[in-house]
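Positions are given from 1, in the same order as the sequence printed here. The structure displayed is predicted, hence computed values, not measured ones. Any value given below was found using the heavy atoms of this structure, including those in side chains, with hydrogens, waters and symmetry copies removed.
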Amino acid sequence: MPEPKWQKSTYSGATNECVEVRTVDGVVELRESDDEDIVVRTTRAKFAMFIQGAKAGEFDHHGGLNI
């Protein structure tokens, strides 16, 4: 059985500088497209909470982002 393909956000457009995500055996995996060797793994529930926090602006203060 082939491994699931990585998916990137449509917001990334044609660039290769983005975060990619996939689900393997019920685990969510994330990586940066320009550094494929580092993969972060988490549960679906924790990933959903992260996405909710990101949409709510919970992490905007990190990295000097003032969005």
Side-chain angles (χ1 to χ4, degrees):
M1 182 169 166
E3 286 201 22
K5 292 186 178 184
W6 290 97
Q7 178 183 356
K8 70 177 187 174
S9 170
T10 56
Y11 287 105
S12 298
T15 69
N16 285 330
E17 297 175 4
C18 59
V19 174
E20 299 174 315
V21 66
R22 71 178 180 181
T23 303
V24 178
D25 297 328
V27 176
V28 177
E29 296 185 336
L30 299 131
R31 71 178 183 184
E32 287 191 47
S33 60
D34 60 347
D35 193 355
E36 298 175 356
D37 294 333
I38 299 173
V39 176
V40 176
R41 292 175 179 87
T42 189
T43 65
R44 289 176 187 241
K46 288 180 181 177
F47 183 64
M49 288 188 294
F50 170 76
I51 295 298
Q52 284 179 318
K55 286 181 177 180
E58 185 175 332
F59 310 111
D60 288 355
H61 65 283
H62 292 286
L65 297 176
N66 293 318
I67 301 172

Determine which pairs satisfy salt bridge (Lys or Arg N to Asp or Glu O under 4.0 Å) with at least one residue from residues 44-57, sequence neighbours left out, and list them in order.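 Output for this query is empty, none listed.
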Run the salt bridge (Lys or Arg N to Asp or Glu O under 4.0 Å) check on K8 and E20 step by step: do they pass? CA-CA 4 Å; K8 70 177 187 174; E20 299 174 315; over 6 Å; no
Rounded to the nearest 0.5 Å, what separates atom CG in D37 from atom CD in E32?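 Rounded to the nearest 0.5 Å, the CG-CD separation comes to 12.0 Å.
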First locate atom CD of Q52, then atom CD of E58, and finally report the distance between them rounded to the nearest 0.5 Å.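 The distance works out to 10.0 Å.
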Run the side chain to side chain contact (heavy atoms under 4.5 Å, CB included) check on F47 and I51 step by step: do they pass? CA-CA 6 Å; F47 183 64; I51 295 298; 3.8 Å; yes
For residues T42 and F50, determine if any side-chain heavy atom of one lies less than 4.5 Å from a side-chain heavy atom of the other.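 The answer is no; the side chains never approach within 4.5 Å.
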Please report, to 0.1 Å, the donor-acceptor pairs under 3.5 Å made by any side chain of residues 23-30, with sequence neighbours excluded.
| unit_1 | atom_1 | unit_2 | atom_2 | d |
| --- | --- | --- | --- | --- |
| E29 | OE1 | R22 | NE | 2.8 |
| E29 | OE1 | R22 | NH2 | 3.0 |
| E29 | OE2 | R41 | NE | 2.8 |

